[in-house]
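To keep things clear, I will list the structure first and then write my remarks on it.
Lettering of chains follows the sequences in order, A, B, ..., and the numbering in each one begins at 1.
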There are 2 protein chains.
Amino acid sequence: MNVQLLNKKEAIFESTLKLVNEYGFHGTPMSQIAAHANVATGTIYHYFSSKDELILELFKYCREKTNEHIFSFEEDLPYKEKFFYIWNRLVEYYVAHRETFWFIEQFYSSPYYELIKQKKTTYYGVDKMHLFFEEGIKSGILRNVSFYTLISVYIGAATSHVKMVTYGFCKMQAKGREELIEIIWNGVKNQ
Amino acid sequence: MNVQLLNKKEAIFESTLKLVNEYGFHGTPMSQIAAHANVATGTIYHYFSSKDELILELFKYCREKTNEHIFSFEEDLPYKEKFFYIWNRLVEYYVAHRETFWFIEQFYSSPYYELIKQKKTTYYGVDKMHLFFEEGIKSGILRNVSFYTLISVYIGAATSHVKMVTYGFCKMQAKGREELIEIIWNGVKNQ
DNA sequence: TGCACCCGAATGAACGTTCAATTGCTAAAT
DNA sequence: ATTTAGCAATTGAACGTTCATTCGGGTGCA
């Protein structure tokens with residue numbers, strides 16, 4: 001697949017991302033996606049077998065791009081710093097790419113997610129987080145609670161914060177972000 | 001509006017709730033909603049002027065029902081107990097009414113929410129939470145951080161936990177719930 | 001008699017997908 | 001170097017279906 005093709009596929013991805021944000025999954029006709037991406041309607045079907053497949057592929061694409069960004073730290077940092085770093089990178093990425101964020105949110109809370117939930121293919125991001133939290137527990141830095149508890153606070157607070165910011169509710173982003181990750185740290189650290 | 005009518009309107013609500021969970025907003029035809037509610041298609045238009053209005057009304061209906069359940073505590077309980085109580089009530093309600101939960105989630109992350117976001121009508125639930133957190137800060141029990149920070153941890157962790165549970169990821173519900181609210185409390189309490 | 005409630009077939013627009021035709025590119029054959 | 005064959009990429013009009021909404025008529029109660 002040459003550069004031109006990659007460009008077209010990505011143009012379709014980006015157009016879908018933008019339009020789905022504005023009009024929702026089913027409020028976005030294929031014809032509109034095509035027009036926005038400057039391709040013919042039929043061209044989309046050269047790259048994707050159906051609208052559903054397009055949405056699914058776009059979801060994977062968004063998730064991969066997000067992961068690339070948040071797990072890019074020096075391995076020898078102190079644990080606490082990594083804990084703060086990953087969280088901040090995630091929030092920053094989502095705030096800077098809010099269309100990606102909202103697309104993922106929309107996807108997760110729609111029936112689409114059921115289609116890929118069962119797939120046993122260990123999802124990179126979750127695995128990484130699992131290892132990271134395990135490391136913290138084994139070294140006695142984090143309280144010994146279940147992985148799903150940790151993930152709920154860590155990711156739950158992050159996404160809620162991004163929602164507040166993108167809704168325009170939360171004025172002081174930087175301060176709010178610092179307060180938040182510090183609260184989480186206080187909650188999960190030992191003692 | 002007599003009882004029979006209330007029943008029909010509620011039947012339409014409940015059918016919409018169920019079907020939207022299964023097929024999404026636009027994957028659910030009005031005809032199917034009508035069939036599931038045992039009314040004629042045209043009858044829905046006697047109660048709602050359009051599909052969008054139905055969805056909007058259902059959203060309000062769900063939010064009201066949820067609020068009724070979580071703010072039903074004795075005012076003279078110690079603050080910490082109220083803090084735990086409200087959170088647990090919310091989680092329990094959502095787990096027991098997961099269709100309501102997922103509908104609200106779907107709504108919030110869809111373009112629908114934009115339609116009602118601007119409305120200045122102070123939303124009951126948020127107001128209640130605002131007052132509750134303010135009380136905690138003024139009495140020195142909670143750390144003095146912004147409302148949006150507190151809401152992000154409190155609600156963010158709750159919804160994440162409900163997602164884990166309803167996805168079937170989180171096996172030990174009760175234990176996970178206790179761990180989680182305790183972590184939040186540790187994070188937001190003073191000292 | 002009037003009004004609220006209810007019905008479900010009919011309407012017409014919108015949409016996902018298909019397809020026959022065209023272009024552009026690559027590489028083998030001459 | 002030129003031709004040729006073949007496949008990938010692209011097009012957008014056409015197709016058939018689906019769906020939100022309408023409407024003319026019906027029922028029962030005040």
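No close placement of the A:F103 and A:Y61 rings is indicated, their centers lying 6.0 Å or farther apart.
A distance of 8.5 Å separates OG1 in A:T28 from CD in A:E22, rounded to the nearest 0.5 Å.
Within the 4.0 Å cut-off from OP1 or OP2 of D:dT10, not a single side-chain nitrogen or oxygen of A:H46 is found. For A:K8 and D:dT10, the shortest distance from a side-chain N or O to OP1 or OP2 is below 4.0 Å. In this model, the phosphate group of C:dC19 is not approached by any side-chain N or O of A:Y45 to a distance below 4.0 Å at OP1 or OP2. Phosphate contact (OP1/OP2 of D:dT11, side-chain N/O of A:T43, threshold under 4.0 Å): present.
Side-chain contact between B:I181 and B:F83 is present, with heavy atoms from C-beta onward closer than 4.5 Å.
Nucleotide D:dC19 holds its P atom 12 Å from the CG atom of B:L19, rounded to whole Å. The CD1-C1' distance, from A:I33 to C:dT17, rounds to 13 Å in whole Å. If you measure from atom CD1 of A:I12 to atom P of D:dA9, you get 12 Å, rounded to the nearest angstrom. As a whole-Å value, the separation of B:M30 CE from C:dG8 P is 16 Å. Distance, A:F25 CZ to C:dG16 P: 13 Å, rounded to whole Å. Atom NE2 of A:H26 is separated from atom C1' of D:dT18 by 13 Å (rounded to the nearest Å). Taking atom OH of A:Y47 as the reference point, atom C1' of C:dG16 lies 19 Å away to the nearest angstrom. Atom OH in A:Y23 sits about 12 Å away from atom P in C:dC15, given to the nearest Å.
Of the charged side-chain nitrogens involved, none lies within less than 4.0 Å of a carboxylate oxygen, so that B:E57 and B:K9 do not count as a salt-bridged pair. Using a cut-off of 4.0 Å between Lys/Arg side-chain N and Asp/Glu carboxylate O, B:R143 and A:E179 are scored as not salt-bridged.
Contact annotation for B:S49: no contact, since no heavy-atom pair falls under 4.0 Å across all strands.
Looking at the side chain of B:T41, the nearest of the listed nucleotides C:dA9, C:dC6, C:dT17 is C:dA9. The side chain of A:A40 sits closest to D:dT11 out of D:dT11, C:dC7, D:dA9.
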